[in-house]
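Taking it in order: structure first as structure tokens, then the write-up.
By convention in this document, chain letters (A, B, ...) are assigned in the order of the sequence lines, proteins followed by strands, and residues within each chain are numbered from 1. Given the structure is predicted, the values throughout are model-derived calculations rather than measurements.
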Number of protein chains: 4
Amino acid sequence: MHQFRNDYSEGAAPEMLEALIRTNGEQAPGYGTDSHCEHAAELIRAACGQSDAFVQFIPGGTAANAVCISAFTEDFEGPILAADAHPTAHETGAIEACGRRILATNDALGVLTPAEVERVYHASIAGGCHCTRPAMLYFSNTSELGHVYTRAEFDALCDVAEELDLAVYVDGARMASALAAPGGDLTLEHLAARADAFTLGGTKAGMLFGEALVVSPRSKRGRRAIDRIPYLTKRGGHMTAKGRLMGVQYTAAFTRGEDGSLPYFAHAASANECACMLAHGLEDAGFEPHVHTNGNQQFFWFDSDDAVRIVEACGAEVTPAVDPAGRDRILLRFVTSWACRPEHVDELLEFVRGL
Amino acid sequence: MHQFRNDYSEGAAPEMLEALIRTNGEQAPGYGTDSHCEHAAELIRAACGQSDAFVQFIPGGTAANAVCISAFTEDFEGPILAADAHPTAHETGAIEACGRRILATNDALGVLTPAEVERVYHASIAGGCHCTRPAMLYFSNTSELGHVYTRAEFDALCDVAEELDLAVYVDGARMASALAAPGGDLTLEHLAARADAFTLGGTKAGMLFGEALVVSPRSKRGRRAIDRIPYLTKRGGHMTAKGRLMGVQYTAAFTRGEDGSLPYFAHAASANECACMLAHGLEDAGFEPHVHTNGNQQFFWFDSDDAVRIVEACGAEVTPAVDPAGRDRILLRFVTSWACRPEHVDELLEFVRGL
Amino acid sequence: MHQFRNDYSEGAAPEMLEALIRTNGEQAPGYGTDSHCEHAAELIRAACGQSDAFVQFIPGGTAANAVCISAFTEDFEGPILAADAHPTAHETGAIEACGRRILATNDALGVLTPAEVERVYHASIAGGCHCTRPAMLYFSNTSELGHVYTRAEFDALCDVAEELDLAVYVDGARMASALAAPGGDLTLEHLAARADAFTLGGTKAGMLFGEALVVSPRSKRGRRAIDRIPYLTKRGGHMTAKGRLMGVQYTAAFTRGEDGSLPYFAHAASANECACMLAHGLEDAGFEPHVHTNGNQQFFWFDSDDAVRIVEACGAEVTPAVDPAGRDRILLRFVTSWACRPEHVDELLEFVRGL
Amino acid sequence: MHQFRNDYSEGAAPEMLEALIRTNGEQAPGYGTDSHCEHAAELIRAACGQSDAFVQFIPGGTAANAVCISAFTEDFEGPILAADAHPTAHETGAIEACGRRILATNDALGVLTPAEVERVYHASIAGGCHCTRPAMLYFSNTSELGHVYTRAEFDALCDVAEELDLAVYVDGARMASALAAPGGDLTLEHLAARADAFTLGGTKAGMLFGEALVVSPRSKRGRRAIDRIPYLTKRGGHMTAKGRLMGVQYTAAFTRGEDGSLPYFAHAASANECACMLAHGLEDAGFEPHVHTNGNQQFFWFDSDDAVRIVEACGAEVTPAVDPAGRDRILLRFVTSWACRPEHVDELLEFVRGL
């Protein structure tokens, strides 16, 4: 059966793979100084509506977070983020390895809120040089638990950041899914107009690997970060010798297809569609979602026997969480990718109904 | 004209590319826990004659060095290496970013010698806790200036390391070229039998990206490093989500072809052949090499006018060095890859002869 | 009026100052290799009943925490501690500066509990190399909010640490006060017999500066830490050139006086007495304590007008906390030192009663 | 016999000790926020002729170097210094522990030269983001081998730094001795007028401990460093709770005595006098100096038998060095402090003559 374990199970989506094959024999200068990277950056700037944005391609998401958070902070400063955000939950101290301390809020479900940002900010600032100085906000869109930020939620975080003079960095490992989510009202242009930095994830959007870190030179801190990022990327061991591979894939992802759409978002839309189809099917079958989301990650509660069978069948991952119903149910995560088709979802739903 | 700038200008060699295409649609678990990585590790162990060796795939060379050097050292320990070795010359402080101090020798041309190792070791140890404690040797094969270590040179370094209880780590970004070099007498089996750790570079040997870090569990320090490496790899941001891509490429590289050879070494042999053909041609044309080597990097001295034209024509890189002849000649580096063909060399030689 | 701001307002207690004056002219070898440090270590070992304990003198508490936590962890490991413990609340990322990630529990009032230790441990371990690996417990005695650990609480933490194979490190910046607290049943001998490491703070116990970090060689991890500590102390910039100053003061503090008591604890007992006298007086006057403690820090709630006057008068510090009564009361911290006398307490109580 | 091992063998010089005793009972706010530190900073500014200089008191020299070098560099930048300068030779990687890479020149005897600064600068800059970016010069006055920089040498280094836009930081662990050296023409005023930062060492100038780090707000980088230093000092574990102790000692050291001199320099002058008296005596007795200096460190060559006896007698330290005469002579370092008297020198010279 098709696996719903994650969105990085397969290789590259057709356009990306085809572009890699087509350009394989070319000789290009190394470390991202080639024309493919330059062209991809141009296409990304255009899609963002930010003609002077800085773009750095970085092979992975943990690396992109470490580079960007270091770039926007001093040694003794840190990012404010939700306690169960990726950098605290699953990166083995990658931020601390850069000497930075994370300032975690008490926000539930990894969704950052202005109130918690303010509380943590003031508690830290009150200590003066005896406390880590807050310098930026970090949140992922979609969040670790699938939340798709609305334009209002995003603006509220940008407002509090502006008021407190903090940078805003949005981890976009699943940004394609977030911006393509049905009912979502946050646009790439608006995101790019207000965030100091964000990533447009490639790995989970149909590329072999790659994250595009986009930084705005609007502010002084942004210009400082832009000066720092190439050095921090190299120092972190993230400057890919055959960097052009990312340029080639992003060029394919941001070049409009015959139907006028960008493959980057088209693939995400199809993944979201399958995920929503799965969610509705599971709800119809009487299963309870943990959160409602239109992104490509869906979280549902199951009794343990069912959970075991489902995991075996489709590779859904067990997500550590406390059952709000006070029962011992298990929370499973289902993830779809560009490679998922409606018939795959039907097959899974049939299996689940048959439990 | 074909470019001789470096050995990471092109994409993947035929077998690697074909394997990536063939497996593109497969769904595999992430982060290198898939069967392709497992199989590739098996093939590498077999080629090394070390059935219990640990293999970690890491996307790039700077990352592999940072992970391996951290894995074999305590916070206050460091590697002994030649002053112009890659970690000191071209990695923007990647080792220091891990909190480690490098103990550089005065060896010329980046070729580490037992005498300098002993001098630096004793000078450091004499200071007790007031000095960084030496814990390992680092050297690259081929070296930054193309040196191919002989078996005797390698053994002499292993002997001094044994005597001083230091780990031996060989950076093999160009190990394929080194082991396939005409006249070379160091074998992979012998290397694997004596070194604590080494890499089998993929990026410069026909893969899109990837280094295979091989570590021996023979010693206590090796077993400690093996426990540490997966954590350090993740913490450094080097654990590739679609890790299977490296497994797929290394499987192709270490699977014997119809002629019974391993593509990993066959491609290196052809690159070396072209490089040697170029070197002989340049010497015949009266140009002076900086060092004699049979690897895929060749270094020759040119008057500045010629140098400019050659750089324009074939992308050879200017290498900072002092002209031993006391003239203002420029040192150019010519590098060949799996994609270089004899006719490319002929074309370049013709151009040079015509200067 | 006498100030109750903290326990490091004054210089040295009589015995320590007198010893410094007496030995001022002596010539001693540097960096703690002198006979005073040796003698002091002997006296500390005797007081702990641990003849083979390792003792490292370090000038300050933040430094001692950074050295000890680094010494007991690998780069990718971290300590489990309560969210508002000193290293997370007031050390500007000193632990993260060592590349270590802190694993914070949800324990209230900075008092670590076995249940939270287990929860955090299992959540981290479940992630394998994708999460920071827990390696030790950290808690302060007395805690940041004045809690004095009972023998039962201490044993329960040691039991869970044993079960999970974690090291136990007790930050003893105020250990003298904790062990001398009326009604306390935890002894130095028992502490030393079960903890892997702890500090006997000097700065807050009547010395000009200095913390004695005591480490047990019972376990393999302890022996590893002992090998690491001198290097980490020097690397951190904490190896005092005139290290003998700490040896001289600790010798004085741990040499029995005419009445047979150790000045280290005698001064703490007198500070505790004054603090308890103050607490009872405040309660009699109708003020509410935040926690009940017999240590030298007392925390009481006041209406803001009163709080302002009290702060002005005696330097009590405002402690950030949420009023459990839901009112806007302010929490004040009163701290006593060896220099505090009952008449000072009377004067303050009179002032408070007069509000 | 009086020991000539180093200048931190004794406690505090009379004025400093007396001031500590006089103020011991005072209650002062912690962490250097007290009036003594404020007054001492004022006196230092006045002595430097820099009314707006920033002064941070730090307990030790390695700590001061780590804080100041971090303060003036980005994560991926480093200081240019002589290969055998203190941070590379004797600080166990304290700078690398801050994630910074040191860019070492080939200068002999730890004396930095403009030519080497330029060479290292251009070699690093040429690599762009593939190399550590040079950001500052570091040198010690007096140097590790006793060199006293002349005003011309200092100006030449400031000139090259200005030309290359590098900060200038002078490690003044022995600045008192350097500025008080007979025949020296570099003044504190001139130093303060051109250096971005320097320390006025206390530990080796008659204090129990303490370095005064002085930073100029003239430049943008200086103002950035001033913002960073308090946080880096705390984060490094170098913010002394009883910080007033340094304020008290520096106030005493920079308050003119009855004869109108500053004790800080008066004690250094007397130490230098004894050192020069010793040097002349040794030369008269036919021994060869390694370098000629008027500072308080003297280096002489001895046959090994004599060396052993001298070390036993007066604690002179063996300094690792290659005998220029090609013999196996041993280099001994003799150091004098404020506590050394001419009769001590006579006694030693008599002993040496009697060998």
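- In terms of modelled atom types and a separation under 3.5 Å, the side chain of Arg235(B) and the main chain of Glu96(A) share no donor-acceptor contact.
- In terms of the salt bridge (charged side-chain N to carboxylate O under 4.0 Å, His left out) criterion, residue partners of Glu74(A) (sequence neighbours excluded) are, by chain and number, Arg224(A), Arg224(D), Arg228(D).
- Residue Met207(A) touches chain B through its backbone alone, counting heavy-atom pairs closer than 4.5 Å.
- Closest heavy-atom contact between Ala241(B) and Thr203(A): CB-CG2, 3.8 Å.
- Interface remark: Leu208(A) contributes backbone and side-chain atoms alike to the contact with chain B (heavy atom separation under 4.5 Å).
- Around the CD atom of Glu38(A), the shell of radius 6.0 Å holds no more than 12 heavy atoms that belong to other residues, nucleotides or ligands.
- The residue among Pro59(A), Ala28(A), Gly60(A) with the most heavy atom pairs within less than 4.5 Å of chain B is Ala28(A).
- The greatest number of non-hydrogen atom pairs below 4.5 Å with chain B, out of Ala94(A), Ala63(A), Gly93(A), is found for Ala94(A).
- In plain terms, the two heavy atoms of Thr62(B) and Gly237(A) that are nearest each other are CG2-CA, 3.8 Å.
- Heavy-atom minimum distance, Glu10(A) versus Arg244(B): C-NH2, 3.0 Å.
- Contact of His90(B) with chain A is made through the backbone alone, with heavy-atom distances under 4.5 Å.
- For the pair Lys242(B) (side chain) and Phe209(A) (backbone), a donor-acceptor distance under 3.5 Å is absent.
- The aromatic rings of Tyr31(A) and Tyr8(B) lie perpendicular to each other, with more than 60° between the two planes, well past the 30° mark.
- Here the CD1 atom belonging to Ile21(B) is positioned 8.0 Å from the CG atom belonging to Asn24(A), to the nearest 0.5 angstrom.
- Contacts between Ala97(A) and chain B at a heavy-atom distance below 4.5 Å involve backbone atoms as well as side-chain atoms.
- Ala339(A) does not touch chain B: none of its heavy atoms, backbone or side chain, sits under 4.5 Å away.
- Here His2(B) is the residue among Glu91(B), Met239(B), Arg5(B), His2(B) with the most heavy-atom pairs under 4.5 Å with chain A.
- For Glu26(A), the part sitting under 4.5 Å from any heavy atom of chain B is the backbone (N, CA, C, O) and nothing else.
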